[in-house]
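Side-chain atoms are counted along with the backbone in the values below, which use heavy atoms only and exclude waters and symmetry mates. Proteins come first, then strands; the chains are lettered A, B, ... in the order of their sequence lines, and each starts at number 1.
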Number of protein chains: 2
Amino acid sequence: MLSGRQEELLKLVIEEYIKSARPVGSKALCKKLKCSSATVRNEMMLLEELGYLEKTHISSGRIPSSSGYRYYVDNLLEPKEISGDDMLKLQTIFSNNNLVLSEAISKSLEIVSDITNYTSVVLGSASKDNNLMKVEVVPISQNKVIAIVITDKGIVENKQINLSESVDQNELSKTTELLNKMLVGTPISLVPSKLEFEIKPIISNYVKNYEVLYNAFYEALSDFTNEKEVRFTGKTNILKQPEFSTVDDVKNIISKFESKDIVSKIEETGNEVKVYIGENSEFDDNVAVIKTKYKTKANEGTIAIIGPKRMEYDRVLSMLEYIKKHIEEKYE
Amino acid sequence: MLSGRQEELLKLVIEEYIKSARPVGSKALCKKLKCSSATVRNEMMLLEELGYLEKTHISSGRIPSSSGYRYYVDNLLEPKEISGDDMLKLQTIFSNNNLVLSEAISKSLEIVSDITNYTSVVLGSASKDNNLMKVEVVPISQNKVIAIVITDKGIVENKQINLSESVDQNELSKTTELLNKMLVGTPISLVPSKLEFEIKPIISNYVKNYEVLYNAFYEALSDFTNEKEVRFTGKTNILKQPEFSTVDDVKNIISKFESKDIVSKIEETGNEVKVYIGENSEFDDNVAVIKTKYKTKANEGTIAIIGPKRMEYDRVLSMLEYIKKHIEEKYE
DNA sequence: TTTTAGCACTCTTCTTAAAGAAGTGCTACT
DNA sequence: AGTAGCACTTCTTTAAGAAGAGTGCTAAAA
């Protein structure tokens, strides 16, 4: 357990480092702690032994370690209200009634990204408790049809299908009718198995190209579950941070942004706004990720801010909380 | 006009520089030109005076200037057939009949990007000569409907609409019916004005929420014309090129990739495969862009490869030509 | 027992110098 | 016209020294 002064010191070091991005020396903190630099040094040694502070080299000032930040976020950060300025900017989004959910999310994260110079990510995903509302098959030429699937939450997916032979108009509408009759109201996740085991046996008798149609629907439906859209804003913002000052750092972080498994790395399951620091972020040792899941009736997904470990935690936390709350209220 | 030997020399310098990425000295070319380094130097001076070669400093070897590359591409590049290996890889795409246009394009450019280590861009855009095939309005809750627009080229757009008051089911289907009757077959570009001037007067009498519906359709339709999708592959590939060795170079090029007006910078109007070098590329002084427009019945757009000026022009040219040709044939 | 002053020490950063390499331009010769 | 030779320029690398920042430790003061 840290003493009051040690906590105070840790806090000062971190906040100073967040501002300046350079190691903090003992002298700089004398006045604020009302003691001499020697005393500060002694305390710093202790904090270093405990793993909260580090040195970049033997005679440098101190920088916070990942667990230093961790301690700071968990224990030292007073639950700060969102600042008036920041709130004002976000309000322009949530007071606009013409925006649909995805726009509101994108735009509000854009604001965060702009004013903080960090990078934001939205991981949109259609929630799995969509129910099928309507199926439509529209022929657009001799051997091309479009399968359209609409859910009760207002999500529309479509898939173009090339048929090997031309399909009879009648067969098509019969199929569609049947599909609608049997599928409307079914949770999307159950549709594929229903297609396979309940509908296929009935319909395969009198529709020649059933296989093809089946596949097309299968693909259109899999877009709901598989395809999680990732939207970045301000990918280059984070490069303005002084921690990315070498070519390799920059290349490294950029290629992480582009990497295929970004989804699994960003996706959040918890319901609170959480802070992941460094190694802990699963993303990159040199960044912190603040993220949360949002959940409305129609959708759920993750919103995240990626910044240097030396990040304005309180500010970002309060903004993300504000956004999450308003999204969930407004699009409930 | 350049002498035979001068052309030969220019070609050798460029090809050597493309391989090595370092200034080419006179000694390196003696054997190939069967003369002494002094002679090579004399010719080099001449080529420098003509603006085709440059020095990085007073006693360095030569590197090609933008107009050097230009001359090379326009006059020295024998129209090279695509190499067997490259062709083989691309054939896997075009022999697959399950791919729709946009997938085929993306995947083939992915291949180019992978094997060349340059960055590729696809600028997809629904062609304007889509005709409206079907309009659908699906209510999903009390005061939410989805407007769906389908064209004869198989493009589907949808827009969710929040209605201020709940809409009568009957009114909705009447409206939809009318819209279909009057709009089917209309070129997409003409739909808005038709909506405004022909349909509005008729319908506004007996549908309360006509304004809202109108706006929704308007927005769904504008997605066809406005929204040009930009898809990059291998954004980080180009960073492997040695010309991007300083932080600023990297940051600079990355932020160009992210910039808003990327569309206008990449979009190509010409029908051939064209090469833009350096300043000429409109994109960045340090890159070359090879691009062409593709055009099928349903779509048109631009495909482009962005690489260093020191790019394997012949290879990329032949691959892009191959891709363009096969796309246009296959999806004609 | 806690705090402080003082000092030697370490490591970084900046500047300068010197040595080596690469390659040119020019002159004079073939 | 082509070539050999050489002085010259510039870059790159390495080394060395000086200045600056900040530490850890010791011993004295509170």
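- Distance CD (A:Glu54) to P (D:dT23): 15 Å, rounded to an integer number of Å.
- Donor-acceptor pairing under 3.5 Å is recorded for the side chains of B:Lys324 and B:Asn271.
- Around NZ of A:Lys251, the count of heavy atoms belonging to other residues, nucleotides or ligands within 6.0 Å exceeds 12.
- Taking atom CE of A:Met44 as the reference point, atom C1' of D:dG22 lies 10 Å away to the nearest angstrom.
- For the residue pair A:Ser259 and A:Asp261, a side-chain donor N or O sits within less than 3.5 Å of a side-chain acceptor on the partner.
- Distance, B:Leu46 CG to D:dG2 C1': 15 Å, rounded to whole Å.
- When only modelled atom types and interatomic distance are considered, A:Tyr52 and A:Glu7 share no side-chain donor-acceptor pair under 3.5 Å.
- Within 4.0 Å (heavy atoms only), B:Thr56 reaches no atom of the nucleic acid at all.
- Protein atom CZ of B:Arg41 is 15 Å distant from nucleotide atom P of D:dG2, rounded to whole Å.
- Atom NZ in A:Lys55 sits about 13 Å away from atom P in D:dG22, given to the nearest Å.
- The closest side-chain donor-acceptor pair between B:Ser106 and B:Arg231 falls under 3.5 angstrom.
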### Summary
For nucleotides 12-20 of chain D, 5' to 3', base contacts (B), sugar-phosphate-only contacts (S) and non-contacts (-) with protein non-hydrogen atoms under 4.0 Å give ---------

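- For the helix from C:dT1-D:dA30 to C:dT30-D:dA1, the angle separating the two terminal helix axes comes to 20°, with each axis derived from five pairs and the value rounded to 10°.
- Within the nucleic acid shown, A:Lys27 has no heavy atom closer than 4.0 Å to any nucleic acid atom.
- With the nearest nucleotide of DNA chain D identified for both A:Met45 and B:Ser37, B:Ser37 has the one nearer the 5' end.
- Take the nearest nucleotide of DNA chain D for A:Glu48 and for B:Ile58: the residue whose nucleotide is more 5' is B:Ile58.
- When all heavy atoms of B:Cys30 and B:Ser36 are compared, the closest pair comes out as SG-C, 3.7 Å.
- Whole-Å rounding puts the B:Arg62 CZ to D:dT10 C1' distance at 14 Å.
- Contact between the side-chain N/O atoms of B:Thr39 and the OP1/OP2 oxygens of D:dT3 is found at a separation under 4.0 Å.
- Residues B:Gln6 and B:Met1 approach most closely at OE1-O, 4.4 Å, considering heavy atoms.
- Bracketed by its first and final contacts, the part of DNA chain C lying under 4.0 Å from non-hydrogen atoms of chain B reaches from C:dA22 to C:dC26 in 5' to 3' order.
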### Query
Can you list the steps and then say if A:Phe244 with A:Val287 is a side chain to side chain contact (heavy atoms under 4.5 Å, CB included)?
CA-CA 10 Å; A:Phe244 302 94; A:Val287 304; 4.1 Å; yes

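- The pair B:Lys89-B:Asp85 does not meet the salt-bridge criterion, since no charged nitrogen lies less than 4.0 angstrom from a carboxylate oxygen.
- The separation between A:Tyr17 atom OH and D:dG22 atom P is 14 Å, rounded to whole Å.
- Counting heavy atoms of neighbouring residues, nucleotides and ligands inside a 6.0 Å radius, atom NZ of A:Lys55 exceeds 12 of them.
- Within 4.0 Å of B:Arg5, counting heavy atoms only, lie sugar-phosphate atoms of the nucleic acid but no base atom.
- With rounding to whole Å, A:Ile63 atom CD1 is found 15 Å from D:dT23 atom C1'.
- Side-chain contact, B:Tyr276 with B:Glu268: a donor N or O sits under 3.5 Å from an acceptor N or O.
- Relative orientation of the A:Tyr313 and A:Tyr72 rings is perpendicular, given thresholds of 30° and 60° on the angle between their planes.
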